[in-house]
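I have a structure here, written as structure tokens, and I will follow up with some questions on it.
In the text below, chain A, chain B and the rest are named by the order of the sequence lines, each starting its count at 1.
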2 protein chains.
Amino acid sequence: MENLMPKTPTVYDVADLAGVSIATVSRVFRKPHKVSQATKDRVDAAVLNLGYVPSGSARSLAARRAGAIGLCFPDFDGIDGGPAPVVYTDGRVIEQFDPPEDVEPSGDLYLSEVMLGTEIEAWRHGMAVTIAVARGNEIFDNLAGRVDGMITLSRTVPERLLAHIARNIPVVVIAGTRAGDDYDHIGTDNVAGMQAMTQHIVDAHGVRDLAFVGGPADSPDDHDRFEGFRMGLQAEGIEPPSEPLLRGDFTRSHGRMLGRRLVEAGQVPRALVCSNDQTALGILDALLATGLRVPEDVIVTGFDGIDASQTSRPRLTTVRQPMRELGRAAVDTLLRRLGDPLLPPQTGTLPVTVLLRESCGCLA
Amino acid sequence: MENLMPKTPTVYDVADLAGVSIATVSRVFRKPHKVSQATKDRVDAAVLNLGYVPSGSARSLAARRAGAIGLCFPDFDGIDGGPAPVVYTDGRVIEQFDPPEDVEPSGDLYLSEVMLGTEIEAWRHGMAVTIAVARGNEIFDNLAGRVDGMITLSRTVPERLLAHIARNIPVVVIAGTRAGDDYDHIGTDNVAGMQAMTQHIVDAHGVRDLAFVGGPADSPDDHDRFEGFRMGLQAEGIEPPSEPLLRGDFTRSHGRMLGRRLVEAGQVPRALVCSNDQTALGILDALLATGLRVPEDVIVTGFDGIDASQTSRPRLTTVRQPMRELGRAAVDTLLRRLGDPLLPPQTGTLPVTVLLRESCGCLA
DNA sequence: CCTCATACTGTATGCGCATACATCCCCTTC
DNA sequence: GAAGGGGATGTATGCGCATACAGTATGAGG
């Protein structure tokens, strides 16, 4: 405790102190059953005495495996962070009784949940998880070299880079549809989920005037959801549009903007099927603000099943993605591939759940 | 791409192909300015050609630094996860039109935000973040050996273990009060925040019948918040209680239970000051369910400032902890210590913000 | 022309550990 | 009582890279 870290002890130090060879020290950690109890005790004592902690780098190098999984996240949208926060060490407190405006919830529960799932599953297999933000070659330098395999969200790493990395370690891509590459993929059934949602609105609520509010045009998830929407309409004998009515960028504030625009244009359809929850919540905000009633005047639905969809008024009817399971399945897939590199490319699809709540007129 | 990963290329392979020595290859990555352009080009070509990615383990070993920060989280409460999720590779979808009951939001935005802050700040300094769940000696084996320093939430790692680890790498503890140890600490001003909140209720709303709903008795955060509550009352000339009226476990469902109990006992005070948001939200649920009005009949306040506090009806008056900044400050402190191991133990306190919303009668 | 600084590049070594292989000891077996 | 076997431990080597140091080439200065 009051030690000034003179020098990190190594196996050699422990071996000397315990009066054994370094091989024995190593064995005490890796193959305890191959060491006699008496020897083990002496080594343990030396370890405690010296405060020895095995070097992960050396171990990884010698063992030819890192014992870690890499998780690569998209650049936190716009969250550059700026300079580090000021820290007052004198316990000063700033009381702001008039917050200028409530902060927008981060809403990235999606990532958090995926991360959590990854963490849980990796932990169960004795693997650590190393996280990195995709930005420039950081991944290349910081992540790829130190993990046994990598999990990434689709479109977060430039294809060139990913291909390069994939030559060394297996890569699993979460979300998005198979892009003709050779990676393993894990996704949710966007198409079926959205189709079910669409048909529910038509079947259960008798609405035939539906419009789709999409996300970024280059999002494969959005693409699939729109496709599900079209298939749903088609199945109900309704002519599907070739394009979404509007496109947002998946954020709530943008959703609000879209909502306002619709109201101002005076062309609000009976049902607005949104490509994700944030957009739907934003639209909800805008509609309610103008006095329109949901679901009486307009039905609004989302996709994802983030927490906020459950606490809104009215609560949002949506399609829940098993986000945590997504992370877990990705880890499983990765580990399977590590076990058998010759496996053909895998594609896993997780089932979704349609959650019917107030915003579509159910549970009214 | 269609490569079967014959063998991971090393500096030697690259050097051979480029017709240079391994030192030059290494330099191309570490000290590009010391290599002539022509040589660099040849090496780069070889790298691309072979799909070379430097081994993080070898680099860390040779450079004597891992280039990573460890983040140690408490065991996800009760989230064991069970077996991995089933994955259907045929695109099957399960539609559950009657969800048995909405799932309780995970609510662990706190951890997510801290993690995010850590990630952001680490990234700014070219560091990777490796996450691990505190459980048994996993940290010891998996984390401590592979990072340059460690950040942990208070009370998540057994003291013995932490002390052992701290002999090798610096440790920064988040939240909780300084425990007489020699680690660096980063926390928020629980006392001042709660005192300000308490005094606001008395001053602005003229309420003098306040009660405190606490969390686990062994939580240092809870302890400090109660202390702030008492100080607030004292400052207002009100005799403070020696114990919280009730104690929960910081979960929403438990908060609901506490709320019901209060109503049934018929002893609901004019204002309920809760030790965290989840508890407050649970109490809100219970009170509203019995027809009581908030804030007209009862004032309820929280602490933390999680997203859900902003979407509840009425919105929750609370004290916002700068969760993301907490993570960032922890990283900063860690890096500072790495730069100067002889620094005396640091204790940083981040300012909190009192957010006045409907549940206390403001913004009514 | 020779000296010497400058700009590159190569050689050799060690980082801390895992592990194949060799060694040694003690006990069993016929 | 010699041969053989299994358990416990030691010896030696390499994992892939960074880097101190030594070498080479080139051009400037005298």
Specify the separation, in whole Å, of atom CZ of A/Arg65 and atom C1' of D/dG14. 19 Å
Report yes if some heavy atom in the side chain of A/Pro170 is under 4.5 Å from a heavy atom in the side chain of A/Leu338; otherwise report no. yes
Phosphate OP1/OP2 of C/dG16 contacted by A/Ser55 side-chain N/O (<4.0 Å): no
Below 4.0 Å: OP1/OP2 of C/dC15 and any side-chain N or O of B/Ser60: no
Select base, sugar-phosphate, or nothing to describe what A/Val35 touches, counting heavy atoms under 4.0 Å on all strands. sugar-phosphate
CG of A/Asp41 versus P of D/dA8: gap in Å, rounded? 14 Å
Please check if the side chain of B/Arg27 supplies one atom and the backbone of B/Ile22 the other of a donor-acceptor pair under 3.5 Å. no
Where the side chain of B/Arg42 meets the backbone of B/Ala18, is there a donor-acceptor pair that is under 3.5 Å apart? yes
When you check the side-chain N and O atoms of A/His185 and A/Asp181, is any donor under 3.5 Å from an acceptor? yes
Salt-bridged, A/Asp13 to A/Lys7, with N to O below 4.0 Å? no
Side chain B/Tyr12 and base D/dC15 donor-acceptor under 3.5 Å: no
Taking C/dT11, C/dG16, D/dG16 as options, the one with an atom nearest any side-chain atom of A/Ala58 is C/dG16
Could you write out DNA chain C as a dot-bracket string, with dots for unpaired bases, | for bases paired across to another strand, and Watson-Crick or G-U pairs counted at under 3.5 Å? ||||||||||||||||||||||||||||||
Does a side-chain N or O from B/Ser26 land closer than 4.0 Å to OP1 or OP2 of D/dA18, or not? yes
Which is true for A/Val20 with a 4.0 Å heavy-atom rule: it touches a base, it touches only sugar-phosphate, or it touches nothing? sugar-phosphate
If we ignore hydrogens and angles and just use 3.5 Å, is the side chain of B/Thr24 paired with the main-chain N or O of B/Val20 as donor and acceptor? no
Whole-Å gap separating P (D/dA8) and CZ (A/Arg42): 14 Å
State whether A/Arg336 and A/Asp184 are salt-bridged, where the test is any N-O pair (Lys NZ or Arg NE/NH1/NH2 against Asp/Glu carboxylate O) under 4.0 Å. no
Closest of D/dG16, D/dG10, C/dT9 to the A/Thr24 side chain is D/dG10
B/Asn168 CG to C/dG16 C1', in whole Å, measures 13 Å
Under 4.0 Å between a side-chain N/O of B/Tyr52 and OP1 or OP2 of D/dC17, yes or no? yes
Is a donor-acceptor pair below 3.5 Å formed from side chain B/Arg27 to base C/dG10, judging by atom type as modelled? yes
Base, sugar-phosphate or nothing for A/Lys40? Non-hydrogen atoms, less than 4.0 Å. nothing
Would A/Ser60 and A/Ser57 satisfy side chain to side chain donor-acceptor pair (under 3.5 Å), going step by step from the backbone distance to the final call? CA-CA 5 Å; A/Ser60 297; A/Ser57 318; over 6 Å; no
Quick one: B/Arg64 CZ to D/dA18 P, roughly how many Å, whole number? 12 Å
Taken to the nearest whole Å, NZ/A/Lys34 to P/D/dG7 is 9 Å
Rounding to an integer number of Å, can you tell me how far A/Phe29 CZ sits from C/dC17 P? 9 Å
Options D/dC17, C/dT9, D/dA12, nucleotide nearest the side-chain atoms of A/Ile22: D/dA12
Does a nitrogen or oxygen in the side chain of A/Thr10 sit under 4.0 Å from OP1 or OP2 of C/dC15? no
Please report the distance, rounded to the nearest Å, between CG in B/Asp16 and P in D/dC17. 13 Å
Of the listed nucleotides C/dG10, D/dT11, C/dC17, the one nearest the side chain of B/Ala23: C/dG10
